[in-house]
Amino acid sequence: MSTAQATKNCITLKGSAQIIAEYLKYGINSILFQRGIYPAEDFDSTQQYGLTILMSKDPKIQTFLQNVLSQTEEWLSKNMINKISMVITNVHSKEVLECWDFKMQAESGDGDSSDPTKLTTTKELGRIQNEIRDVMRQISATVSYLPLLDCICTFDVMIHTLQNTEIPAKWDETGAVVIQNPQSVQLRSFSTGLHKVDTVVNYKMSS
């Protein structure tokens with residue numbers, strides 16, 4: 001096997017971080033659409049993971065997510081993140097109605113490299129994308145059991161970093177998210193071979 005061939009099936013930490021940031025981009029957009037946070041006409045459909053996914057056309061949302069996810073990708077490639085939370089709040093009362101947690105756990109990959117930055121995995125991209133497709137299908141199906149959000153809502157994304165992470169200048173540190181009377185549903189996990197990602201939705205039970 002030539003060297004080019006040998007490196008072709010190899011995912012590095014950076015590559016793993018890119019795959020996860022891409023999943024978050026499609027996942028968050030899908031949640032924004034499925035949960036009716038913005039009008040349906042503000043979305044365009046695209047094909048990804050063999051599915052039709054609706055993506056926001058709003059330049060502000062696109063820029064916001066791009067900033068958050070490029071930072072996520074950078075930190076994740078250094079294993080400095082343990083969770084990303086997408087928080088949905090009632091615009092008027094500021095009450096948290098839903099919190100989608102994307103939990104990340106470092107995995108050891110294939111090598112027993114003493115240098116963690118050189119970790120790689122030979123897990124096939126096709127297999128990873130199939131696992132992500134299953135999670136995306138579950139995200140779409142959540143509308144069948146999550147309570148209707150019948151108020152004007154907004155969303156924010158929080159990155160939960162490990163200790164001693166330098167926070168970018170324009171970013172705020174924030175406290176814990178609290179949902180009254182919470183219920184939670186665990187969706188499927190997927191793994192890149194270097195990171196395992198669990199998706200959990202926490203939501204307020206209708207009173």
Side-chain angles (χ1 to χ4, degrees), residues 7-32 46 48-49 53 55-56 61-88 99-136 138-139 155-177 186-202:
T7 52
K8 198 170 80 172
N9 265 351
C10 216
I11 295 173
T12 59
L13 266 176
K14 206 173 162 57
S16 175
Q18 275 171 348
I19 292 167
I20 293 168
E22 189 172 70
Y23 159 67
L24 290 168
K25 178 176 83 173
Y26 289 106
I28 289 170
N29 272 284
S30 187
I31 294 164
L32 289 175
T46 185
Q48 182 71 6
Y49 312 121
I53 299 173
M55 305 289 285
S56 171
I61 293 172
Q62 289 173 343
T63 307
F64 169 74
L65 285 178
Q66 197 178 346
N67 290 342
V68 169
L69 295 178
S70 60
Q71 186 63 69
T72 298
E73 200 178 306
E74 186 191 320
W75 281 342
L76 197 53
S77 66
K78 299 172 186 158
N79 276 335
M80 289 158 63
I81 292 181
N82 52 19
K83 189 167 73 168
I84 302 286
S85 294
M86 177 191 179
V87 183
I88 299 174
C99 180
W100 291 74
D101 284 334
F102 305 95
K103 300 173 182 177
M104 304 172 195
Q105 216 174 332
E107 296 183 304
S108 55
D110 302 324
D112 54 348
S113 172
S114 54
D115 180 353
T117 58
K118 294 202 167 65
L119 283 174
T120 57
T121 176
T122 51
K123 185 165 182 177
E124 288 170 12
L125 187 59
R127 270 184 63 204
I128 298 168
Q129 293 194 325
N130 284 345
E131 289 178 19
I132 294 176
R133 182 174 64 207
D134 289 342
V135 184
M136 292 295 297
Q138 285 190 308
I139 288 174
F155 83 104
D156 201 359
V157 177
M158 297 174 183
I159 303 179
H160 303 259
T161 54
L162 304 175
Q163 297 303 319
N164 310 325
T165 307
E166 282 283 318
I167 306 290
K170 292 182 191 151
W171 289 34
D172 298 326
E173 291 211 41
T174 182
V177 172
Q186 168 102 32
L187 276 52
R188 287 184 181 212
S189 308
F190 73 87
S191 158
T192 63
L194 291 172
H195 294 103
K196 177 172 179 260
V197 181
D198 285 305
T199 301
V200 180
V201 54
N202 308 284

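Bear in mind that the values here come from a model prediction, so they are computed numbers and not experimental data.
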- Query: Which is it for Val197 and Lys103 under the side-chain contact (heavy atoms from CB on, under 4.5 Å) test, yes or no, and what are the steps along the way?
  - Reply: CA-CA 5 Å; Val197 181; Lys103 300 173 182 177; over 6 Å; no
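- Inter-residue side-chain proximity for Ile81 and His160 is flagged as unmet; no heavy-atom pair is nearer than 4.5 Å.
- Residues Gln129 and Leu125 form a side-chain contact, since some pair of their non-hydrogen atoms from C-beta on lies under 4.5 Å apart.
- Considering all non-hydrogen atoms of both residues, Ser108 and Leu194 come closest at C-CD2, 4.4 Å.
- The OG1 atom of Thr72 sits 13.0 Å away from the NZ atom of Lys25 when rounded to the nearest 0.5 Å.
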- Item | Residues Val200, Leu187; criterion side-chain contact (heavy atoms from CB on, under 4.5 Å); working and verdict | CA-CA 6 Å; Val200 180; Leu187 276 52; over 6 Å; no
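- Residues Asn79 and His195 form a side-chain contact, since some pair of their non-hydrogen atoms from C-beta on lies under 4.5 Å apart.
- Closest of all the heavy-atom pairs between Arg133 and Tyr49 is CD-O, 2.8 Å.
- Without hydrogens or angle criteria, Ser191 side chain to Gly193 main chain gives a donor-acceptor distance under 3.5 Å.
- A salt bridge does not link Glu107 with Lys123: every distance from a Lys NZ or Arg NE/NH1/NH2 to an Asp or Glu carboxylate oxygen is 4.0 Å or more.
- A side-chain donor-acceptor contact under 3.5 Å links Ser70 to the backbone of Gln66.
- Every residue two or more places apart in sequence or in another chain that forms a side-chain hydrogen bond (donor to acceptor under 3.5 Å, both in side chains) with Gln186 is listed here: Asp198.
- At least one side-chain heavy atom of Gln18 sits under 4.5 Å from a side-chain heavy atom of Glu73.
- Side-chain atoms of Val157 and Ile84, non-hydrogen and from C-beta on, do get closer than 4.5 Å to each other.
- The two residues Ile139 and Gly27 have their closest heavy-atom pair at CD1-CA, 4.2 Å.
- Minimum interatomic distance between Arg188 and Val135 (heavy atoms only, all atoms of both residues): O-CG2, 3.6 Å.
- One finds the CD1 atom of Ile159 at 10.0 Å from the CE atom of Met80 (value rounded to the nearest 0.5 Å).
- Side-chain contact between Trp100 and Phe155 is absent, with no heavy atoms from C-beta onward closer than 4.5 Å.
- Between Glu22 and Gln48, the side chains place a donor N or O and an acceptor N or O closer than 3.5 Å (distance only, hydrogens not considered).
- The side-chain heavy atoms of Leu69 and Phe64, taken from C-beta on, include no pair separated by under 4.5 Å.
- In this structure, CG on Asp101 lies 5.0 Å from CG on Asn202, to the nearest 0.5 angstrom.
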- Go through the steps for Asn29 and Leu65 under the test side-chain contact (heavy atoms from CB on, under 4.5 Å), then give the verdict. CA-CA 9 Å; Asn29 272 284; Leu65 285 178; 3.7 Å; yes
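- Looking at heavy atoms from C-beta onward, Ile132 lies in side-chain contact with Ile19 at the 4.5 angstrom threshold.
- Note that CD1 of Ile88 is 7.0 Å distant from CG of Leu32, once rounded to the nearest 0.5 Å.
- When the ring-ring contact (aromatic ring centres under 6.0 Å, His included) test is applied to Tyr23, the partners found at least two apart in sequence or on another chain are Phe102, Phe190.
- The shortest heavy-atom contact between Ser77 and Ala17 is N-CB, 3.7 Å.
- For Ser30 (side chain) and Tyr26 (main-chain N/O), no donor-acceptor pair under 3.5 Å exists by modelled atom type.
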- Message: Run Met104 and Ile20 through side-chain contact (heavy atoms from CB on, under 4.5 Å) and show every step you take.
- Response: CA-CA 9 Å; Met104 304 172 195; Ile20 293 168; 4.1 Å; yes
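- Separation of atoms CE (Met55) and CD (Gln62) is listed at 8.0 Å; rounding is to 0.5 Å.
- Note: Leu119 CG to Ser16 OG = 10.0 Å, rounded to the nearest 0.5 Å.
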